[in-house]
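Any value given below was found using the heavy atoms of this structure, including those in side chains, with hydrogens, waters and symmetry copies removed. Predicted, not measured: the structure shown is a model, and the values here were computed from it. First the proteins, then the strands, lettered A, B, ... as listed; each starts at 1.
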Amino acid sequence: MGLLEKSFKPEVVEDKWYSRWEKNGFFTPDPDSDKPPFSIVIPPPNVTGSLHMGHALNATIQDILTRWKKMSGFNVLWLPGTDHAGIATQNVVEKEISKEGLDRYKMGRKAFIEMVWKWKAEYGGRIIHQLKKLGCACDWSRERFTLDEGLSMAVREVFVRLFEEELLYRDDRLINWCPRCHTALSDLEVEYDEIEGRLYSIRYPLLPIVKGTEEQEYITIATTRPETMLGDTAVAVHPEDNRYSHLIGKYVELPLTGRKIKIVAEPTVDPSFGTGALKVTPAHDFNDEAIGRLHNLPVVSVITEDGQMSENAGERYKGLDRYECRKKVVADLKELGLLTDQRKHLHAVGHCYRCKTIIEPLLNIQWYVRIESLASEAVRLVKDGKIRLIPEIWDNNYYAWMKDIRDWCISRQIWWGHQIPAWYCPECRNNGDKLQGDIIEHIFHKPVTLNDNNIISGGTYSYLRSTGMSHDEIIKHSKIISIPKEVKPISQRHDINECPACQSRNIIRDPDVLDTWFSSALWPFSTLGWPENTKDLKTFYPTSVLVTGFDILFFWVARMIMMGGKFMNDVPFRDVYIHALVRDSGGHKMSKSRGNVIDPLVMIDKYGADAFRFALAAFAAQGRDVRFSEKRVEGYRHFINKLWNASKFILNYKEFRTDKPVYEYKDELDLPSRWILNGIALTAQETNRELGEYHFNDAAGSLYQFVWHEFCDWYIEITKPVLYKGKDEDKEVIVNCLFFVLQKILLLLHPFMPFVTEEIWNSVFDDSSSIMASSYPAGLQFYPDAEVKMNYFIDAVSGIRHIRGELNINPSLEIKADIRTLSNEAEAVLQDNLSAIMKLTKCSDLNIGENIIRSKDSAVTIKNSLEIYVPLGGLLDVKSEMARLKKEREKIEGEIAFVNKKLTNEDFLKNAPDNIVEKEREKFDILIQKSQKISESIGILKTIKG
RNA sequence: AGGCGCGUAGCUCAGUGGGAGAGCGCUUCCUUGACACGGAAGAGGUCAGGGGUUCGAUACCCCUCGUGCCUACCA
């Protein structure tokens with residue numbers, strides 16, 4: 001298209017440039033480079049994901065850094081990839097196959113996993129494609145996937161080493177269980193939402209039972225989950241609660257079961273909540289589990305892994321869904337007259353973060369990472385400043401979380417993921433002592449058949465039974481195991497097929513897979529080739545910066561720090577830049593259910609990737625949520641248009657461009673040119689500094705301000721008279737300046753808006769190479785005097801325009817103006833630029849000097865040290881000018897009063913720094929002068945009027 | 001309940017111990033040879049409220065109100 005087009009057409013050029021960059025290898029670092037390295041690993045998006053605003057912000061920031069560093073002379077790697085996202089992906093594919101009436105159990109593990117891979121091949125690349133649309137300069141030749149071969153090796157190595165160091169263990173304890181996903185979840189994977197439930201009060205009869213009389217005593221407990229009472233093994237009361245203290249040690253009969261349970265003293269019970277008496281269900285509540293352990297209570301599990309009542313719940317309730325059972329229990333209690341109260345009650349309930357099903361605390365055997373030593377090392381790395389969190393307000397959050405951290409449950413009862421590299425020997429339990437067949441049956445709770453490689457857990461088994469499958473049908477497809485703690489696992493770097501202790505070939509591999517975050521925790525080094533000692537690893541580890549949202553600070557960042565510290569003996573990254581969360585204009589998280597999602601791809605289609613990226617950068621102030629507004633994207637599209645048209649204008653004067661570097665011009669450079677050269681030097685300096693401090697919004701703001709309001713509004717306007725009607729030698733200097741500044745602008749903007757800058761670059765500069773291969777501007781020459789001098793110029797022009805605007809003088813009308821200067825310097829500057837000022841203000845006659853005398857019928861305005869008069873002759877509207885002046889005087893008098901108050905305050909004079917006092921004095925003098933001039937003018941107007 | 005933020009122009013947001021800024025919107029004027037996705041000139045704020053520190057507070061401290069998030073708990 002080129003610059004002949006009226007406006008920039010993103011859709012026409014974006015793909016063209018992207019594929020050209022990629023083809024030319026601009027995204028791939030040079031392996032033999034001696035430049036300093038700079039590396040970023042992308043937070044791998046879920047392979048199921050499609051680009052949302054969070055990704056877009058995250059990726060834009062990384063791309064800005066990547067391009068900036070590359071242009072600044074670094075050997076840059078931005079390594080991309082995706083995460084296999086265990087539960088999420090499995091859920092997606094399960095949903096797909098359910099349309100055909102299939103489920104994963106019917107398909108079997110092997111076939112199902114093949115299906116997921118197939119799905120991944122077909123749809124998994126979507127987000128990658130979307131990152132390309134955004135313009136991301138990722139090195140796609142190094143793209144990784146958390147389940148690919150190399151990363152799986154790393155996972156295995158880490159698992160085995162942790163196992164060998166006894167940092168891994170299996171344990172039976174209460175875990176968060178998702179009855180729909182059929183898997184354990186880590187603490188972090190549970191989301192708490194407030195929901196309205198009911199608080200029931202239930203009477204438990206004290207023993208002995210006094211049948212049929214009024215004398216029966218009761219203790220009344222309160223619960224929100226009456227169905228769990230079937231698994232109660234105690235009632236707890238506060239030891240000093242005198243309503244109940246006399247009952248401690250006595251027994252009650254648990255209604256509906258007939259079981260006898262004890263009343264125990266427990267200081268953690270809050271006497272003011274409910275009835276003050278707490279039912280204790282160690283099998284289904286985390287607090288109750290703790291109480292149970294303390295008091296050595298039995299554990300009765302009444303809910304199964306698919307959320308149904310187990311055999312322990314009794315014949316009447318067995319097999320019921322937990323919520324159905326709740327209704328039935330409540331009805332039964334009511335009938336027995338034991339339900340004394342039920343009221344609405346708001347409480348937070350844990351939900352599965354993937355499928356939103358209410359989680360069920362269940363007793364289960366799982367794998368855990370012993371986290372304490374890893375966590376304290378990870379804390380040390382941040383405390384010692386080896387890793388910097390930016391902004392640092394996150395430090396405290398990080399420490400607090402790491403302090404309270406519990407062991408990490410890493411096993412998941414799903415199929416898509418890294419299968420745990422651990423085996424069990426059913427014959428000797430890995431201690432060399434062979435057991436007999438019937439004992440094996442006993443240890444492995446469920447019957448084992450070895451006709452298929454399709455192993456499922458006990459929970460899955462009960463789920464299948466609930467769907468109506470018979471036992472025989474299930475074991476036709478599956479081998480069902482639940483391996484108790486007593487069996488010692490074997491973990492090795494390579495697959496094994498016999499027990500190292502007893503050589504049995506009946507060993508069984510652990511069917512569970514690892515938490516997705518286990519492999520993500522290794523991402524910064526596994527993607528670079530670890531455990532091999534690769535060149536990439538040597539060059540690019542530790543990575544320079546990690547860019548991420550705070551929502552995965554603990555899921556991911558903390559664990560990477562632990563794993564990096566443990567296995568690389570070094571930090572995984574030096575800086576962690578934590579950006580804001582993108583919210584809607586009401587400050588809410590964007591979510592499908594809220595219907596407030598803005599799709600980045602729609603933004604790109606509508607406004608172009610550049611405008612969208614620039615808006616994101618401008619929004620990315622630190623330590624704040626981003627409330628996204630589409631209007632702002634539109635504003636930045638206008639900015640791009642402005643840049644486009646300015647470039648087009650400059651290109652028109654190409655013929656006057658020479659090879660002479662602008663810095664070789666000395667006296668030939670007029671004031672505006674020196675000023676704009678100084679401006680671009682300043683802007684380059686600021687942009688570099690702000691990017692270095694991760695102040696993307698400031699960098700974007702500086703560039704916007706300079707390009708629009710300095711370069712376009714002033715410099716280009718000033719050059720026009722010369723370009724239209726000037727001499728050729730004057731044009732040469734100006735045109736060279738224009739091209740020079742434009743070139744620097746394009747370079748400075750490129751990390752923010754890669755496409756449009758590349759397009760203009762190629763149209764304006766006959767350079768066939770890419771803008772990506774050029775250097776980022778830094779260390780440009782300053783012209784310090786130009787800044788101050790140009791202010792006189794600007795004051796003069798805007799002063800005259802002010803009068804024109806206020807008095808509504810038609811812009812096409814030429815006027816006269818007089819400017820009284822208060823210094824020689826000001827006079828010289830204005831004299832030198834007389835014609836430019838006249839042109840910009842449409843003056844036909846302009847007088848400048850110290851001795852200018854204001855003519856009678858002129859309007860006046862004072863701009864800093866300039867007094868500007870516009871003689872109006874017949875044009876003068878006395879009434880409106882009078883009104884304007886009175887208003888101005890009123891304002892000034894207010895200011896005088898304020899400054900005066902300060903300058904007569906002795907405490908101020910005594911304590912304030914000298915420069916502040918001096919400033920106030922100067923201000924006072926100027927104000928007094930202004931006020932006098934205006935009073936004078938009002939006087940003159942009065943005489944005219946009269 | 002504890003912790004961390006936030007409250008600044010109509011809207012979305014920057015910002016600073018020395019009488020506040022941007023973008024969009026609004027008002028008036030202008031289709032002048034890069035650009036109406038434009039130009040010029042404006043209006044608009046008790047910087048949530050109250051107290052304190054200070055010569056001086058929108059900024060620092062405390063309290064209140066409003067609002068958002070995080071962590072834990074909610075029997």
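- Distance A/H638 NE2 to B/rG39 P: 11 Å, rounded to the nearest Å.
- When each of B/rG42, B/rG19, B/rA34 is scored by its nearest atom to the side-chain atoms of A/H802, the top-ranked nucleotide is B/rG42.
- Pairing of B/rA59, defined by two Watson-Crick or G-U wobble distances under 3.5 Å, is not identified with any nucleotide.
- Nucleotide B/rU67: paired with B/rG5 (Watson-Crick or G-U wobble, both distances less than 3.5 Å).
- Distances shown here put a side-chain N or O of A/K642 below 4.0 Å from the OP1 or OP2 atom of B/rG39.
- Residue-level contact check: A/K842 touches neither bases nor backbone, having no heavy atom under 4.0 Å from any strand.
- Look at B/rG45: it lacks any Watson-Crick or wobble partner with both distances under 3.5 angstrom.
- Nearest-nucleotide mapping onto RNA chain B: of A/R632 and A/K725, the residue sitting toward the 5' end is A/R632.
- For A/E717 against B/rA34, a side-chain-to-base donor-acceptor contact under 3.5 Å is present.
- Between the C1' atoms of B/rG17 and B/rC61, the separation comes to 14 Å (whole Å).
- B/rA34 is unpaired under the Watson-Crick or G-U wobble criterion, no partner having all donor-acceptor distances under 3.5 Å.
- Nearest nucleotide to the side chain of A/K6, out of B/rA36, B/rG19, B/rA34: B/rA36.
- Nucleotides B/rC60 and B/rG25 place their P atoms 33 Å apart, quoted to the nearest Å.
- Separation of the A/Y636 and A/Y607 ring centroids does not fall under the 6.0 Å cut-off.
- With B/rC37, B/rC73, B/rA14 as the choices, the nucleotide that has an atom nearest any side-chain atom of A/N697 turns out to be B/rA14.
- In this structure, NE2 of A/H709 is placed 10 Å from P of B/rG38, rounded to the nearest angstrom.
- Nearest nucleotide to the A/I916 side chain, out of B/rG18, B/rC29, B/rC35: B/rG18.
- A straight line from CD1 of A/I578 to P of B/rC69 spans 19 Å, rounded to a whole angstrom.
- Both distances falling under 3.5 Å, in either a Watson-Crick or a G-U wobble arrangement, place B/rA22 opposite B/rU12.
- Residue A/H695 contributes atom NE2, which lies 9 Å from atom P of B/rU16 at whole-angstrom precision.
- Note: CG (A/L616) to P (B/rU12) measures 18 Å, nearest angstrom.
- Each of B/rA40, B/rC29, B/rU12 was ranked by its minimum atom distance to the side chain of A/D713; first place goes to B/rA40.
- When the C1' atom is used for both B/rU58 and B/rG50, the distance is 15 Å, rounded to whole Å.
- Under the Watson-Crick or G-U wobble criterion, with both distances below 3.5 Å, B/rA40 is paired with B/rU28.
- Using the six-membered ring where Trp is involved, A/F639 and A/Y704 have ring planes that are tilted, between 30° and 60° apart.
- Distance, A/L903 CG to B/rG18 P: 17 Å, rounded to whole Å.
- Taking 4.5 Å as the limit, every side-chain heavy atom of A/L813 sits out of range of all side-chain heavy atoms of A/K842.
- Nearest to the side chain of A/R637, among B/rC4, B/rG39, B/rC37, sits B/rC37.
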Carefully, step by step, assess A/W714 and A/I676 under the rule side chain to side chain contact (heavy atoms under 4.5 Å, CB included).
-> CA-CA 9 Å; A/W714 287 102; A/I676 204 69; over 6 Å; no
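- Distance OH/A/Y694 to CD1/A/I390: 4.5 Å, rounded to 0.5 Å.
- Relative to the side chain of A/F898, the nucleotides B/rC35, B/rA34, B/rG19 differ in distance, and B/rG19 lies closest.
- Distance check on atom P: B/rG52 versus B/rU46 gives 22 Å, rounded to whole Å.
- Relative ring orientation between A/W644 and A/F8 is described as tilted, the plane-to-plane angle lying within the 30° to 60° band.
- Nucleotide B/rG25 holds its P atom 13 Å from the CD atom of A/E630, rounded to whole Å.
- Annotation: of the two residues near RNA chain B, A/F639 and A/N905, the 5′-most nearest-nucleotide partner is A/F639.
- Proximity note for A/W708 (side chain, C-beta onward) versus B/rA34, B/rC55, B/rG38: the nearest is B/rG38.
- Side chain of A/S931 to backbone of A/L927: no donor-acceptor contact under 3.5 angstrom is found.
- Of the P atoms belonging to B/rA40 and B/rG33, the separation is 16 Å, rounded to the nearest Å.
- Comparing the same atom, C1', in B/rU8 and in B/rG44 gives a spacing of 13 Å after rounding to whole Å.
- For A/D698, the listed nucleotide lying nearest its side chain is B/rA14; candidates were B/rA14, B/rG23, B/rC35.
- Straight-line distance between the C1' atoms of B/rG3 and B/rG18: roughly 35 Å, to the nearest whole Å.
- In this structure, CD1 on A/I640 lies 10.5 Å from NE2 on A/H638, to the nearest 0.5 angstrom.
- An OP1 or OP2 oxygen of B/rG19 is reached within less than 4.0 angstrom by no side-chain nitrogen or oxygen of A/K901.
- Within the 4.0 angstrom heavy-atom criterion, base atoms lie near A/Y724.
- Note on A/V899: nothing from the nucleic acid sits closer than 4.0 angstrom, heavy atoms only.
- Between A/I650 and A/V764, every side-chain heavy-atom pair lies at or beyond the 4.5 Å cut-off.
- The partner of B/rG17 is absent, by the rule that a Watson-Crick or G-U pair needs both atom distances under 3.5 Å.
- Of the candidate nucleotides B/rG18, B/rG19, B/rA40, B/rG19 has the atom nearest to the side chain of A/K923.
- Atom-to-atom, NZ of A/K919 to C1' of B/rG17 comes out at 12 Å; the value is rounded to the nearest Å.
- A close approach under 4.0 Å does occur between a side-chain nitrogen or oxygen of A/N911 and OP1 or OP2 of B/rC55.
- Rounded to the nearest Å, the gap between the P atom of B/rC37 and that of B/rG42 is 24 Å.
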